[in-house]
Undergrad: 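Got a structure for you, written out below as structure tokens; questions coming shortly.
If you're wondering where the values come from, they're calculated on a predicted model, not measured in any experiment. So you know, we letter chains A, B, ... as the sequences are listed, proteins then strands, and number each from 1.
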Protein chains: 2
Amino acid sequence: MITAGRAVVRPAIPADNDAIWDILRPVYRAGETYCMPRDIDRDEALQDWFAHPFTAFVAELDGRVLGTSHVGANRPAGGSHVANASFATHADARGTGIARTLVTEAKVWARDQGFRAMQFNFVVSTNADAIHLWQKAGFDIVGRLPDAFLHPKHGPVDALVMFQTLKEEPHEL
Amino acid sequence: MITAGRAVVRPAIPADNDAIWDILRPVYRAGETYCMPRDIDRDEALQDWFAHPFTAFVAELDGRVLGTSHVGANRPAGGSHVANASFATHADARGTGIARTLVTEAKVWARDQGFRAMQFNFVVSTNADAIHLWQKAGFDIVGRLPDAFLHPKHGPVDALVMFQTLKEEPHEL
């Protein structure tokens with residue numbers, strides 16, 4: 001039985017690669033939420049997910065990897081105190097709270113690393129469930145990029161910039 | 001005599017590298033406008049300026065390179081119809097209109113390449129002259145990132161996201 005709230009987030013290891021690709025592949029193939037070539041192959045996708053300066057994580061539920069995130073500096077030098085993060089979950093993770101847990105843990109990790117804020121640079125405006133989740137997790141919409149994403153079904157749609165200052169105690173969901 | 005409005009913008013060639021570095025070096029060393037390590041060396045700076053997917057340009061005035069830009073896709077795939085651009089000018093270019101010419105030509109080039117919009121992801125809010133110039137060139141402030149830049153003199157300051165849809169006829173300055 002899959003139960004909400006029991007997901008454990010830990011740093012990803014090479015043995016997680018298959019599970020991570022199982023999560024990313026349908027997300028990238030759909031092409032509705034990331035600016036990623038829809039035909040990207042496994043190696044390129046994993047290389048990107050683990051690329052410097054990002055640290056990749058997985059969320060396990062009952063021993064099964066059902067979600068992944070990567071978190072790192074959004075910019076170098078004068079902008080390196082702001083983190084960036086991306087998230088993806090398996091279709092089987094719907095309703096398990098894994099996405100929520102990944103966001104919460106990303107904030108905790110980023111704050112522990114010394115980041116003072118977290119920013120999402122490009123949230124496709126039709127990704128309503130994610131936007132709602134991130135707003136509940138304390139992120140504000142601080143920018144709107146008109147028609148900045150070509151959605152495979154909806155055509156040009158806005159993208160949002162979301163931002164959150166990381167307080168000592170992360171916002172509880 | 002330096003006269004405004006006579007600058008010519010053309011693609012950069014390897015022989016421009018010294019002049020480009022002369023322009024970029026003081027900008028990066030000051031660290032007030034770009035998220036770039038202030039101690040970046042010449043090779044790294046030039047590599048970044050010419051990095052894929054950007055095309056680098058220089059602005060010449062009476063045969064002297066006094067400004068540079070690079071323009072390219074802001075994101076891949078579903079976001080690749082939006083261009084990004086960066087600009088830098090030599091201290092000797094103040095009042096020559098070179099910055100204005102660089103922006104205008106960047107827009108023309110981007111539109112000719114098929115880009116439908118141009119976005120600046122991270123405009124340091126204390127960079128008032130640049131912001132004013134870009135607003136005059138038709139860019140809107142579409143986002144504000146609170147305290148996202150650590151300014152070497154002013155401490156944490158906001159960064160702005162600026163955006164412009166590229167019409168058939170570029171906005172005249």
Side-chain angles (χ1 to χ4, degrees), chain A residues 28-40 44-45 48 73-84 114-127 139-166, chain B residues 28-40 44-45 48 73-84 114-127 139-166:
Chain A
Y28 290 162
R29 292 289 179 266
E32 299 184 355
T33 52
Y34 280 95
C35 289
M36 189 65 78
R38 295 174 68 180
D39 62 352
I40 190 170
E44 289 175 313
D48 170 79
N74 196 44
R75 295 189 164 268
S80 62
H81 60 295
V82 179
N84 176 255
F115 290 106
R116 303 187 202 170
M118 183 174 284
Q119 177 177 339
F120 304 148
N121 297 304
F122 199 91
V123 180
V124 176
S125 58
T126 48
N127 195 4
F139 288 86
D140 294 319
I141 296 170
V142 299
R144 178 176 285 268
L145 314 168
D147 290 346
F149 184 71
L150 298 182
H151 192 288
K153 291 177 183 163
H154 305 299
V157 299
D158 294 353
L160 308 178
V161 183
M162 300 186 74
F163 193 97
Q164 174 170 189
T165 302
L166 297 175
Chain B
Y28 290 162
R29 293 288 180 266
E32 299 183 354
T33 51
Y34 280 95
C35 289
M36 189 66 78
R38 294 174 69 181
D39 62 352
I40 190 170
E44 287 175 314
D48 170 78
N74 195 45
R75 295 189 165 269
S80 63
H81 60 295
V82 178
N84 176 254
F115 290 107
R116 303 187 202 170
M118 183 174 284
Q119 178 176 337
F120 303 150
N121 298 305
F122 200 91
V123 180
V124 177
S125 59
T126 48
N127 194 4
F139 288 86
D140 294 318
I141 296 170
V142 298
R144 178 175 286 267
L145 312 168
D147 290 347
F149 184 70
L150 297 183
H151 192 287
K153 291 177 183 163
H154 305 298
V157 298
D158 294 353
L160 308 178
V161 183
M162 300 186 74
F163 194 97
Q164 173 170 190
T165 302
L166 297 176

Undergrad: How would you list, by chain and number, every residue that makes a side-chain contact (heavy atoms from CB on, under 4.5 Å) with B:Ala77, sequence neighbours excluded?
TA: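 In terms of side-chain contact (heavy atoms from CB on, under 4.5 Å), with neighbours along the sequence ignored, B:Ala77 is linked to A:Pro37.
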
Undergrad: Given that the side chain runs from C-beta out, which part of A:Val82 has a heavy atom under 4.5 Å from chain B: side chain, backbone, both or neither?
TA: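 Side chain only.
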
Undergrad: Locate the shortest heavy-atom distance separating B:Gly79 from A:Cys35; write the atom from each residue and the value.
TA: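 For B:Gly79 and A:Cys35, the tightest heavy-atom pair comes out as N-SG, 3.5 Å.
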
Undergrad: Would you mind checking which part of A:Arg38 comes under 4.5 Å of any heavy atom in chain B, side chain (CB onward), backbone (N, CA, C, O), both or neither?
TA: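 Neither part, no heavy atoms under 4.5 Å.
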
Undergrad: Please determine, among B:Gly143, B:Ala117, B:Gly78, B:Gly31, the option with the most heavy-atom pairs under 4.5 Å with chain A.
TA: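 Counting heavy-atom pairs under 4.5 Å, the top option is B:Gly78.
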
Undergrad: Just checking heavy atoms, which of residues 149-158 of chain A are less than 4.5 Å from chain B?
TA: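 The residues closer than 4.5 Å to chain B, in numerical order, are A:Phe149, A:Leu150, A:Pro156.
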
Undergrad: In chain order, what residues pass the side-chain contact (heavy atoms from CB on, under 4.5 Å) check against B:Ala159, with sequence neighbours excluded?
TA: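 Counting only residues at least two positions away or on another chain, B:Ala159 forms a side-chain contact (heavy atoms from CB on, under 4.5 Å) with B:Phe122, B:Leu145, B:Ala148.
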
Undergrad: Can you sort out the partners of A:Asn84 under side chain to side chain donor-acceptor pair (under 3.5 Å), two or more places apart, ordered by chain and number?
TA: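 Listed in chain order: A:Asn74.
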
